[in-house]
Amino acid sequence: MSPFDDYVDEMPADEPDDVIASFRAGVRAAATRMPEPSPTLAHMLHSGVSSNSTGSLRPKRSITMRVKAYVAGLGVAAKVMLGTGVAVAAATATAVGPIDIPRPDKHQTVEATDDGNDIDRRDEKKTTDDHHKPVLVDATTTTAKAFVAPEPKPLTTTTAKPYVAPKDKPITTTTAKPYVEPDDKPTTTTTVKVPPPEVRHDITLTCEPNADPVKVICWWNATESAEHRYYKLMRSNVDGSDWQKLYKTEDHREFADTTSLAGHSYKYFVYSLRDDGAVVAESNAVVINCCA
Amino acid sequence: MATDPLVERAKRGDAVAWNELYRSLAPAVAGYFGLRGARDPDDLTSETFVAVFRNIGTFRGSIEAFRSWVFVIAHRRLIDDRRARGRRPESRSLADVSLQARDDVESDAAAVMSVADVKALCGRLAVDQADVLILRILGDLTIEQIAEVMGKSPGAVKQLQRRGLDGLRRLTKSQQAVPL
């Protein structure tokens, strides 16, 4: 049945339908390939996550925002108490002397704020007495401690060092799983932080134009990257516009671009990508004037 | 209207149902993007289905309505892609287009127009006319569904289809580059 059958009366009766049938077949031929899902989509397909779970994507409020919201919710009397508490804490801190500032990695300020001021439950605590409970003063006292300036130290200049992989602990790269048909068993997904790959430049791309028939033949050497999963041959105009993916292959290293047009110039690139789509190696750019 | 059982399962987070929906619709969506000159059809298809995943909670209706809804999202992605590129779909003369070597989509059947020729023909039709024809064929959408996808009236879509078909015949008659 033709998709145009419900309006077949619009078609001129004396015209052959070959053109439309051929066009329709051509269109359908273009829709037979299963597209490669992105890592995000592959994960969704694998886990079957529904829209209900996307609520967790809402970014968490920062501690600063939570404290501001808490303070905004206090009454005038409580704010006065808060100010008094800060002043007392500051005076106490000055009288006692220098206080050992917690190291950043211990995050004592954050912990104290979280533990002592459960802001998400502030509505339940909105009684007059609550405003005077020490829980609030604890938090401000901690903040005041953190504010004491450290003793001046001589400035030292450090130079950023390039990243060098430790010898005793080689980096192990865990790549994202490719899309696979899920079975009926529930799956557990472990999120693994994959470090960005080091991009190699060990692919040498060569392209030659061919006049009859018009085409550009490209070939390249294999990358030595251990993470290589597949190659992508890309083409653009010379100015870098209109990028097109010409060819994707795991291990073939030559391709005849018969879509190139005589009189046009193109720029070709080859990338090597790992499973999650990150580029691990790239080639030189080759500019071709097609196709004398 | 009752929601299709398969879609209902997908809404509950059934991975098997999701894969079934993806397998049945993704090739058509990717083909639509490819034929309409999208920059990276696979990426746009993934974006479309991620949006479907995230918004399926709002969907109600049959599997046909679901298909139409997916193409609504796909069409919007395509318009965004066109805006991002700042130009209309690629347009080439049929005479400039040889039989092309897309190994994954090419067909050897003599009666099948090559994908490149289909793209070239679409490039020479008005954008809306080509969109209607491709949605009719790949999406199996009705005139009313395409009207919803494109935000036009059914009458306007019907007119675009008629002009598109006329254009196809006129173009293939005037240029003999298409093997029939």
Side-chain angles (χ1 to χ4, degrees), chain A residues 3-4 6-7 10-12 15-16 18-42 44-54 57 181-184 186-187 213-215 241-248 255-259 261-262, chain B residues 10-19 22-23 26-28 30-32 34-35 39-43 45-46 49-50 53-57 92 96 98-101 104-107 109 111-118 121 134 136-138 140 142-143 158 161-162 165 168-169 172 178 180:
Chain A
F4 306 114
D6 50 350
Y7 289 94
E10 297 172 18
M11 294 185 182
E15 295 251 7
D18 288 353
V19 170
I20 305 304
S22 176
F23 177 80
R24 188 166 55 237
V27 169
R28 287 195 169 136
T32 55
R33 186 181 62 85
M34 185 64 71
E36 182 186 353
S38 65
T40 304
L41 179 60
M44 286 177 161
L45 288 170
H46 198 72
S47 62
V49 64
S50 69
S51 59
N52 296 335
S53 62
T54 57
L57 296 176
E181 291 290 331
D183 51 24
D184 291 332
T187 56
V214 172
K215 61 183 175 183
S241 63
D242 195 18
W243 278 101
Q244 293 181 27
K245 181 175 71 181
L246 292 178
Y247 188 46
K248 180 181 167 185
F255 182 74
D257 175 19
T258 56
T259 65
L261 304 176
Chain B
K11 288 172 79 167
R12 290 197 300 266
D14 184 338
V16 177
W18 272 116
N19 279 273
Y22 181 76
R23 278 202 309 272
Y32 175 60
L35 288 175
R39 185 171 37 193
D40 193 330
D42 284 13
D43 282 357
T45 304
S46 290
F49 277 91
V50 168
F53 262 93
R54 289 184 171 157
N55 295 289
I56 196 169
R92 281 194 244 160
D96 291 338
S98 60
L99 292 175
Q100 303 190 12
D104 48 358
V105 292
E106 196 65 41
S107 171
V112 178
M113 198 178 284
S114 77
V115 175
D117 289 339
V118 169
L121 273 174
I134 302 299
R136 286 283 275 162
I137 297 170
L138 284 187
D140 279 334
T142 65
I143 290 287
K158 190 174 169 184
Q161 175 184 293
R162 187 179 61 76
L165 291 172
L168 280 183
R169 294 193 184 92
T172 48
V178 179
L180 294 175

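Letters A, B, ... mirror the listed sequences (proteins, then strands); counts begin at 1.
In this view, B:Asp43 satisfies the side-chain hydrogen bond (donor to acceptor under 3.5 Å, both in side chains) rule with no residue, not counting sequence neighbours.
Of the listed residues (B:Thr45, B:Ile134, B:Asp40, B:Val118), the one with the most heavy-atom contacts under 4.5 Å to chain A is B:Val118.
Nearest approach of B:Asp42 to A:Lys245, heavy atoms of both residues: OD2-NZ, 3.8 Å. For the pair B:Ser46 and A:Ser38, the tightest heavy-atom approach, listed with the atom from each and the gap, is OG-N, 2.8 Å. In plain terms, the two heavy atoms of A:Ala31 and B:Ala28 that are nearest each other are CB-CA, 3.9 Å. Here the closest non-hydrogen pair linking B:Tyr22 and A:Met34 is CE2-SD, 3.9 Å.
Results of the side chain to side chain contact (heavy atoms under 4.5 Å, CB included) test with B:Phe49 over A:Leu41, A:Thr40, A:Leu45 single out A:Leu41 as the only residue that passes.
Residue B:Leu168 touches chain A through both its backbone and its side chain, counting heavy-atom pairs closer than 4.5 Å.
Considering CZ of A:Phe23 and CG of B:Leu165, their distance stands at 8.5 Å, rounded to 0.5 Å.
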